[in-house]
Amino acid sequence: MVENTGPSRSAPYPIAVIMERVKLANRWATERWDAKGVVRDVMPAGSAERVIVSDEHLTQILFPGLTLRLHPDEAEGYIYNITSPQPKLFIMWRMRDEVARPESLSVSYHEGARWMDAEECVGGVALPPDLVPWIAEFAAEHYRPEPKKKVRYASNKDKGVASRRGGPT
């Protein structure tokens, strides 16, 4: 049996997401949902979401029990993220029962962009600094840059290749 000595694919601790609803006073929308942040989840496993802030204009709900997992094929996206001036944790959420519920977490710029391209609801919040070394170790172990391709320039010596610059030949 081979033992994996590299970093785990699951975050060193469970994560809880804070989602915020702001009531709006306009005719096109009555409210706006945003991911506000993440914290270490200290609630017992299987705990339900709970309202942590509530007034007439603003509601914040804590959603526990989420896990951040890393994937070897996303290593380049992790490196881009953790080396950026403001690393992010991307949260993909969906509306269910009139509440924005987080469904997936990622620290890959590439995955976050794919979610946005697919027109999912995505929020980016500050990445907890204590996760950066774990992500960096995982990315360093799995990142394999693509080999550079040899650049080939067109030449009039190439057989069967005509230059389009000078007009038809």
- [ ] Could you tell me which residues satisfy side-chain contact (heavy atoms from CB on, under 4.5 Å) with A48, sequence neighbours excluded, listed by chain and number?
- [x] none
Task: Any donor-acceptor pair under 3.5 Å from R144 side chain to E141 backbone - done: yes
Task: Least distance between heavy atoms, S108 atom then G77 atom - done: OG-CA, 3.6 Å
Task: Nearest heavy atoms of P12 and W134, plus distance in Å - done: CD-CD2, 3.8 Å
TODO: Start with the C-alpha gap between V39 and I15, add the side-chain angles, then the distance that decides, and say whether side chain to side chain contact (heavy atoms under 4.5 Å, CB included) holds.
DONE: CA-CA 6 Å; V39 294; I15 294 172; over 6 Å; no
Task: L105 CG to L89 CG distance, which is reported to the nearest 0.5 Å - done: 5.5 Å
Open item on the list: Test salt bridge (charged side-chain N to carboxylate O under 4.0 Å, His left out) on D34 and R32; report intermediate values, then the result.
Closed with: CA-CA 7 Å; D34 289 310; R32 178 186 72 235; 3.0 Å; yes
- [ ] Mind jotting down which residue pairs meet the ring pair (Phe, Tyr, Trp, His ring centres under 6.0 Å) criterion with at least one end in residues 25-78? Sequence neighbours excluded, please.
- [x] none
- [ ] Identify, with sequence neighbours excluded, every residue that meets side-chain contact (heavy atoms from CB on, under 4.5 Å) alongside M116.
- [x] V122
Task: Partner set under side chain to side chain donor-acceptor pair (under 3.5 Å) for E49, not counting sequence neighbours - done: R101
Open item on the list: So, taking the atom named CZ in R40 and the one named CG in L131, what distance separates them when rounded to the nearest 0.5 Å?
Closed with: 8.0 Å
Task: Nearest-0.5 Å distance that lies between atom CG in L58 and atom CD in E31 - done: 11.5 Å
Task: Partner set under ring pair (Phe, Tyr, Trp, His ring centres under 6.0 Å) for F90, not counting sequence neighbours - done: Y109
Open item on the list: Could you see if V51 belongs to whatever hydrophobic cluster contains L66? Use Ile, Leu, Val, Met, Phe, Trp, Tyr and a side-chain cutoff under 4.5 Å.
Closed with: yes
- [ ] Compare all side-chain heavy atoms of M19 with those of V17 and state whether any distance is below 4.5 angstrom.
- [x] yes
TODO: Output all residues satisfying side-chain contact (heavy atoms from CB on, under 4.5 Å) with P14, sequence neighbours left out; order by chain, then residue number.
DONE: D41
Task: Full working for side chain to side chain contact (heavy atoms under 4.5 Å, CB included) between I91 and V38 - done: CA-CA 9 Å; I91 301 161; V38 294; 3.9 Å; yes
TODO: With sequence neighbours excluded, give me every side-chain hydrogen bond (donor to acceptor under 3.5 Å, both in side chains) pair touching residues 113-128.
DONE: E74-R114, R94-E120
- [ ] Search all heavy atoms of G123 against all heavy atoms of W93 and return the closest pair with its distance.
- [x] N-NE1, 4.1 Å
Task: Partners meeting side chain to side chain donor-acceptor pair (under 3.5 Å) with Y13 (sequence neighbours left out) - done: D130
Open item on the list: On a heavy-atom basis, which atom in G37 and which in V125 lie closest, and how many Å separate them?
Closed with: N-CG1, 3.6 Å
TODO: Could you pull out all residues at least two apart from R96 that satisfy side chain to side chain donor-acceptor pair (under 3.5 Å)?
DONE: E103
- [ ] Using side chain to side chain donor-acceptor pair (under 3.5 Å) as the criterion, list what pairs up with T59, not counting sequence neighbours.
- [x] R21
- [ ] State yes or no: do M95 and V99 share one hydrophobic cluster built from I, L, V, M, F, W and Y residues joined by side-chain heavy-atom distances below 4.5 Å, directly or via other members?
- [x] yes
Task: Side-chain hydrophobic cluster, 4.5 Å single linkage: members besides I79 - done: Y143
Task: Side-chain donor/acceptor of N81 to backbone N/O of V107, under 3.5 Å - done: yes
Task: Nearest non-hydrogen partners of P64 and A16, listed with the distance - done: CA-CB, 3.8 Å
Open item on the list: Using 0.5 Å steps for rounding, measure from the CD1 atom of I61 to the NZ atom of K36.
Closed with: 14.0 Å
Task: Beyond-backbone contact of L127 with V132, side-chain heavy atoms, under 4.5 angstrom - done: yes
TODO: Give a yes or no on this: more than 12 heavy atoms of other residues, nucleotides or ligands lie within 6.0 Å of atom NZ of K88.
DONE: yes
Open item on the list: Does any part of the side chain of M92, heavy atoms only, come nearer than 4.5 Å to the side chain of C121, both counted from C-beta?
Closed with: no
Task: Residues which pass side-chain contact (heavy atoms from CB on, under 4.5 Å) with P72, listed by chain and number, not counting sequence neighbours - done: R9, F138, H142
Task: Point-to-point distance, once rounded to the nearest 0.5 Å, from OG of S54 to CD of Q60 - done: 10.0 Å
